[in-house]
Amino acid sequence: MHELLLFASVPAHQHHELLQQLTGLTAMQPRHRLERRLIFKAYRKPGLINTRVGASQDLQGGADMQRLNKMLNGGMFYTQVVGPVSEEDFGAKSSVGEDQDALMSGTGDNMPGINDPSYQYDRQPWRLEFKDIPEAGTRSAVTSRLMASAGLPKGDIMVPMDAWGYSFVTEYVVEGDLFIHNDIVIFLHRVLHYPVDGQQAHDPRRQLPAFQNMSPLEPSGSYVLQAAITVQDGGNQETMKTASQHLFGLREQLKSVVRLEQADRLSLDTRAK
């Protein structure tokens with residue numbers, strides 16, 4: 001698959017106004033989205049990774065397995081694992097440790113699921129997203145890159161990722177609002193960092209801090225507007241041209257509000273060096 005994109009920077013003071021304009025343009029209410037995004041780096045050479053191990057059998061169908069095998073046996077890239085969460089998951093007790101203590105103590109006020117929501121790390125769904133470095137030398141004024149995704153087993157993602165030759169690097173949270181306009185997915189979002197706790201995490205977090213303790217990556221509080229179209233057959237030039245024209249049409253509709261542009265290619269470089 002290929003992904004065609006345009007981007008725009010949105011100042012914090014313009015965020016609410018743009019949300020209203022996108023609501024009117026798309027004739028839909030924004031879908032709020034929170035995602036954990038985990039970054040992994042390959043430590044084995046391509047071609048040495050066996051995807052048919054352990055929990056990989058839980059993957060969603062043969063097509064996903066084939067795509068996953070191609071991604072993991074490609075070049076040396078940083079790979080992203082994405083998991084949807086809700087605001088209620090932040091500041092919640094872990095389902096692994098603290099909830100067991102509450103059960104053993106027998107105190108009703110601390111019983112999981114009664115007064116305190118519990119973030120179920122062992123039930124966290126994940127998907128693997130591979131996004132290549134954008135193509136160079138294209139005449140189109142949109143960013144184009146090869147991409148693929150596949151469903152992964154729920155729960156502790158370190159087991160299958162380690163088996164496939166990938167080590168955990170870091171993680172962050174993306175918060176934003178999603179709109180659908182014809183075949184264009186519009187995502188107005190920002191990146192949030194976890195609070196500094198003095199220790200460098202070597203594994204994904206099993207519990208999440210209070211949401212108000214999360215800090216934006218951009219100190220000014222600005223957002224990124226991303227407009228994307230996914231094309232199944234990137235080799236079909238007519239389809240790619242049509243998709244580009246649709247993005248240009250959206251750019252024209254929003255030109256009085258934001259300036260959608262092609263991204264700098266190297267800023268989206270996913271290769272591991």
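Contact annotation: the side chain of Tyr194 approaches that of Pro209 to within less than 4.5 Å [non-hydrogen atoms, C-beta and beyond]. You'll find the side chain of Ser144 reaches within 4.5 Å of the side chain of Met240, heavy atoms only. Contact annotation: the side chain of Leu225 approaches that of Leu22 to within less than 4.5 Å [non-hydrogen atoms, C-beta and beyond]. In this structure, the side chains of Thr79 and Tyr166 come closer than 4.5 Å at one or more pairs of heavy atoms.
Side-chain atoms of Asp89 come within 3.5 Å of backbone N or O of Ser86 as a donor-acceptor pair. Remark: the backbone N or O of Thr230 is not paired with any side-chain donor or acceptor of His2 at under 3.5 angstrom. Remark: side-chain polar atoms of Asp233 are paired, donor with acceptor, to backbone N or O of Gly235 under 3.5 angstrom. Checking side-chain atoms of Trp126 against main-chain N and O of Gly151 turns up no donor-acceptor pair under 3.5 Å. In this structure a side-chain-to-backbone donor-acceptor pair under 3.5 Å is present from Thr143 to Ala263. Without hydrogens or angle criteria, Glu87 side chain to Leu34 main chain gives no donor-acceptor distance under 3.5 Å. Within the 3.5 Å criterion, the main-chain N or O of Gly176 finds a donor-acceptor partner in the side chain of His32. The closest donor-acceptor contact from the side chain of His13 to the backbone of Pro11 lies at 3.5 Å or more, if one exists at all. Put simply, the side chain of Glu171 never gets that close to the backbone of Leu38: no donor and acceptor are under 3.5 Å apart.
When only modelled atom types and interatomic distance are considered, His246 and Asn182 share no side-chain donor-acceptor pair under 3.5 Å. Side-chain polar atoms of Tyr119 and Glu88 form no donor-acceptor pair below 3.5 angstrom.
Using a cut-off of 4.0 Å between Lys/Arg side-chain N and Asp/Glu carboxylate O, Glu218 and Arg190 are scored as not salt-bridged. A salt bridge links Glu252 and Lys255; the closest N-O separation between the charged side-chain nitrogens and carboxylate oxygens is under 4.0 Å.
Rounding to the nearest 0.5 Å places CZ of Phe187 at 12.5 Å from CZ of Arg31. With rounding to the nearest 0.5 Å, the separation of CG in Leu188 from CG in Leu178 is 10.5 Å. We find the CG-CD1 distance between Leu5 and Ile184 to be 11.0 Å, quoted to the nearest 0.5 Å. Remark: Phe168 CZ to His202 NE2 distance equals 10.0 Å, nearest 0.5 Å. Distance CZ/Phe179 to CG/Leu19: 5.0 Å, rounded to 0.5 Å. Rounded to the nearest 0.5 angstrom, Gln80 CD and Arg127 CZ are separated by 8.5 Å.
More than 12 heavy atoms of other residues, nucleotides or ligands lie within 6.0 Å of CZ in Arg205, so this atom counts as buried by the packing criterion. Atom CD of Glu238 has 12 or fewer neighbouring heavy atoms from other residues, nucleotides or ligands inside a 6.0 Å radius.
When all heavy atoms of Ala141 and Leu6 are compared, the pair lying nearest together is O-CD2, 3.6 Å. Annotation for Lys154 and Pro125: closest pair CG-CA, 3.9 Å, computed over non-hydrogen atoms. The nearest pair of heavy atoms linking Asp183 to Ile229 is O-CG1, 3.5 Å. What you find for Ile157 and Phe40 is that their closest heavy atoms are CG2-CZ, 4.0 Å. For Gln262 against Val142, the heavy-atom pair with the smallest separation is NE2-O, 3.1 Å. Contact detail for Ser220 and Ala12: the closest heavy-atom pair is O-CB, 3.8 Å.
Val85 is not connected to Val82 by any chain of hydrophobic side-chain contacts under 4.5 Å among Ile, Leu, Val, Met, Phe, Trp and Tyr, and they are in different clusters.
Between His15 and Tyr223, the ring planes lie parallel to each other; the angle is under 30°, not in the 30° to 60° tilted range.
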